[in-house]
Amino acid sequence: MSQKIQRPKGTQDVTPELSHAWKHLQDVAIHTLELANYKAIHTPIFEATSLFARGVGESTDIVNKEMYSFEKSDRSLTLRPEGTAGVVRAFVENKLSQHGLPQRLYYIGAMFRYERPQEGRQRQFHQIGAELIGLDTPAADAESILLAWQVLKALGISDLRLELNTVGDPDDRPRFREALQALLKPHFETLCADCQRRFEQNPIRMLDCKVPTCQTIYTSDAVEDFLQNFAWSPEASEAFEQLCHILSVNGVPFTVNRRMVRGLDYYSRTVFEFITDKLGAQGTVCGGGRYNGLIEELGGASTPAIGWAMGVERLFKLIEHPEAPALDAYIVTDCHAEAFAFAEHLREQGLKVEVDLSGRNFGKQLQAAGKRSARHVYTIGSQELESGVIPFKNFETGESSSLNFHFPNALTHRK
RNA sequence: GCGGUCGUCGCCAAGCGGUUAAGGCACCUGGUUGUGGUCCAGGCAUACGGGGGUUCGAUUCCCCUCGAUCGCCCCA
């Protein structure tokens, strides 16, 4: 058994039992996206490591400890840990802005993050993402969020909460950070070790801490006041209010969560997450936000954009798994040459058809048809070749009937 | 990377130091000269994730390892 090769840790096989439901999920999502005139973009599964270092951010966990990187002839390459950086790179490289803005793009595919697997978290996982590039308006934010909501609804997932926040413009971030540090400084000694580390590295993240003693500090009136009343730029605040308005008008339930932070450096202003309580600790089913600085950072003209990504595996656990379509016809036969011709005839009509290949007696073949829950069973033996009349039976109603079929070379090529 | 739990056939699952390692489902083969699955008979783990140890003896005890799972971290 030690010889047996297993799939790598944190990866999954989608076997035929599940592959239909898997395809269904993708089909529904893609259909919804395309109805909103989003167009697919396919980018490589690996990119220059520097793309993610610059795009996602040097200080993020993703870049620091989760990348699958490898060297090839002096180049450092990395399996994409997320989709936006690659899409933006492609947008810049292919000069998609020349085709007019805004650009509405979506992608779907595998992502890779070297993490300890747990429920809803794999090392290879899949994301469906949408990017709206070229606009920095509340309406654009709303379109993006509404679109995500529509995809989720189309999948039959509505038992979710949408959390929304604004993290201001890049210029505001240091201001916010310093103000927060100043506010929490007096409590530094009582904070947990993690928070003491975060204090310098990523103070905003402290607010998410699960340690009770830390939480009592972070939920104090002083901190609460600070969060509610921190003065973002007037533009950002104004835009955020309008966005909330549009979402309300469209009946999307949301809550403003001033503590929500996102792990990628490129976010600015609007950030949001759709969260479920049904998946344990990894409840974020869709996460996104605005990234106005990213395109310029990656060498393009300064262009605002917003986008999101959904975790396919997480969605998959939340949706109903539809049955695969039934087998329309089963062909019992000992004359395969002619049976294939007839099968093709049926398939041209869009029917799902299987030809029995076993060569066993017809009784056994009939049994096989029953096990497969075939709707109709056609029998093609030497008699049928001769007469050109094919008997068939509807296995759902039990009714028998027959039809005429012109076999190619039927009379000359019988076995 | 850190902690907890777990690992017996494709799936569910008994056994918990000495068993031929139950059983069910699924699957396969045959019983039926050409009209159906539910019937009957049989098959289907030289083996209990892998490796090492303790023991006269280990699926049952110990260690390591691999994997799963839950949580931390973080995110989709």
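Within every chain, numbering begins at 1; the chains are lettered A, B, ... in the order of the sequence lines, protein sequences first and strands thereafter.
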- prompt: With a 4.0 Å cut-off on heavy atoms, is A:Glu82 in touch with a base, just the backbone sugar-phosphate, or nothing at all?
  reply: nothing

- prompt: Counting only non-hydrogen atoms, which of residues 10-46 of chain A are less than 4.0 Å from RNA chain B?
  reply: A:Gly10

- request: Could you check whether A:Gly120 gets within reach of a base, just the sugar-phosphate, or nothing at all, counting any heavy atom under 4.0 Å?
  value: base

field: Sequence neighbours excluded, every pair satisfying salt bridge (charged side-chain N to carboxylate O under 4.0 Å, His left out) that has a member inside residues 184-193 of chain A
entry: none

message: Contact list please: residues 368-375 of chain A against RNA chain B, heavy atoms, distance less than 4.0 Å, in numerical order.
response: A:Gly370, A:Lys371, A:Ser373

message: Less than 4.0 angstrom between a side-chain N/O of A:Lys393 and OP1 or OP2 of B:rU35, yes or no?
response: no

Which side-chain N or O atoms in residues 243-258 of chain A pair as donor and acceptor under 3.5 Å with protein atoms at least two apart or in another chain?
unit_1, atom_1, unit_2, atom_2, d
A:Ser248, OG, A:Cys244, O, 2.9
A:Asn250, ND2, A:Ile246, O, 2.9
A:Asn257, OD1, A:Arg259, N, 2.9
A:Asn257, OD1, A:Met260, N, 3.4
A:Asn257, ND2, A:Glu163, OE1, 2.7

- prompt: How is A:Val285 classified with respect to the nucleic acid when contacts are heavy atoms under 4.0 Å: base, sugar-phosphate, or nothing?
  reply: sugar-phosphate

query: Restricting to pairs with a member in residues 26-41 of chain A, which pass salt bridge (charged side-chain N to carboxylate O under 4.0 Å, His left out), not counting sequence neighbours?
result: A:Lys23-A:Asp27

query: Between B:rU46 and B:rG53, how far is it from one C1' atom to the other, in whole Å?
result: 23 Å

message: Rounded to whole Å, please give me the gap between CD in A:Glu273 and C1' in B:rA76.
response: 9 Å

- line: Taking every heavy atom of A:Ala90 against every heavy atom of A:Thr43, the minimum-distance pair comes out as CB-CG2, 3.9 Å

field: Close residues, residues 148-162 of chain A, relative to RNA chain B [heavy-atom separation under 4.0 Å]
entry: none

task: Could you check how far CZ of A:Phe362 sits from P of B:rG37, rounded to whole Å?
output: 17 Å

query: Residues in ring-ring contact (aromatic ring centres under 6.0 Å, His included) with A:His336, at least two apart?
result: none

- prompt: Can we say A:Lys393 and A:Glu399 salt-bridge, meaning some charged N sits less than 4.0 Å from an Asp/Glu carboxylate O?
  reply: no

Determine all donor-acceptor pairs shorter than 3.5 Å in which one atom belongs to a side chain in residues 145-159 of chain A; sequence neighbours excluded.
unit_1, atom_1, unit_2, atom_2, d
A:Asp159, OD2, A:Lys278, NZ, 3.3

- request: Quick one: label A:Arg113 by what it contacts on the DNA or RNA (base, sugar-phosphate, nothing), any heavy atom closer than 4.0 Å.
  value: base

Salt-bridge contact A:Asp141-A:Arg269 (side-chain N to carboxylate O under 4.0 Å): no

- request: Establish whether the base of B:rG34 is bridged to the side chain of A:Glu384 by a donor-acceptor pair shorter than 3.5 Å.
  value: yes

query: Does A:Glu143 pair with A:Arg104 as a salt bridge, N-O distance under 4.0 Å?
result: yes

field: Basic-acidic side-chain contact under 4.0 Å: A:Asp328, A:Lys352
entry: no

List, with names and distances, any nitrogen or oxygen atoms from the protein found under 3.5 Å away from nitrogen or oxygen atoms belonging to nucleotides 40-44 of chain B.
none

Would you list the protein and nucleotides 2-12 of chain B atom pairs, both N or O, that sit under 3.5 Å from each other?
unit_1, atom_1, unit_2, atom_2, d
B:rC2, N4, A:Arg116, NH1, 2.7

task: Would you confirm whether A:Gln349, through its side chain, and A:Leu346, through its main-chain N or O, come within 3.5 Å as a donor-acceptor pair?
output: no

query: Is any side-chain N of the basic residue among A:Arg89 and A:Glu47 closer than 4.0 Å to the acidic one's carboxylate O?
result: yes

query: Looking only at heavy atoms, which two atoms of A:Gly289 and A:Ile306 are closest? And how far apart?
result: O-CG1, 3.4 Å

task: Grab the two heavy atoms, one from A:Phe316 and one from A:Trp22, that are nearest each other, plus how far apart they are.
output: CE1-N, 3.4 Å

- prompt: Between the main-chain N or O of A:Gln118 and the side-chain N or O of A:Gln282, is there a donor-acceptor pair closer than 3.5 Å?
  reply: no

query: So does A:Lys364 pair up with A:Asp356, basic N to acidic O under 4.0 Å?
result: no

task: Check side-chain contact (heavy atoms from CB on, under 4.5 Å) between A:Leu403 and all other residues, then give those that pass, not counting sequence neighbours.
output: A:Phe342, A:Tyr378, A:Ile390, A:Phe392, A:Phe405

- prompt: If you round to the nearest 0.5 Å, how far is CD1 of A:Ile380 from CD of A:Gln383?
  reply: 12.5 Å

message: So, does A:Asn361 get its side chain near the phosphate of B:rG34, meaning an N or O under 4.0 Å from OP1 or OP2?
response: yes

- prompt: Within the modelled atom types, does a donor on one side and an acceptor on the other bring the side chain of A:Gln367 and the base of B:rU38 under 3.5 Å apart?
  reply: no

- prompt: Using a 3.5 Å cut-off on both pairing distances, which stems of three or more Watson-Crick or G-U pairs include RNA chain B?
  reply: B:1-7 with B:66-72, B:10-12 with B:23-25, B:27-31 with B:39-43, B:49-53 with B:61-65

message: Within the 3.5 Å criterion, strictly below it, is a donor on A:Gln124 or A:Thr11 matched to an acceptor on the partner's side chain?
response: no

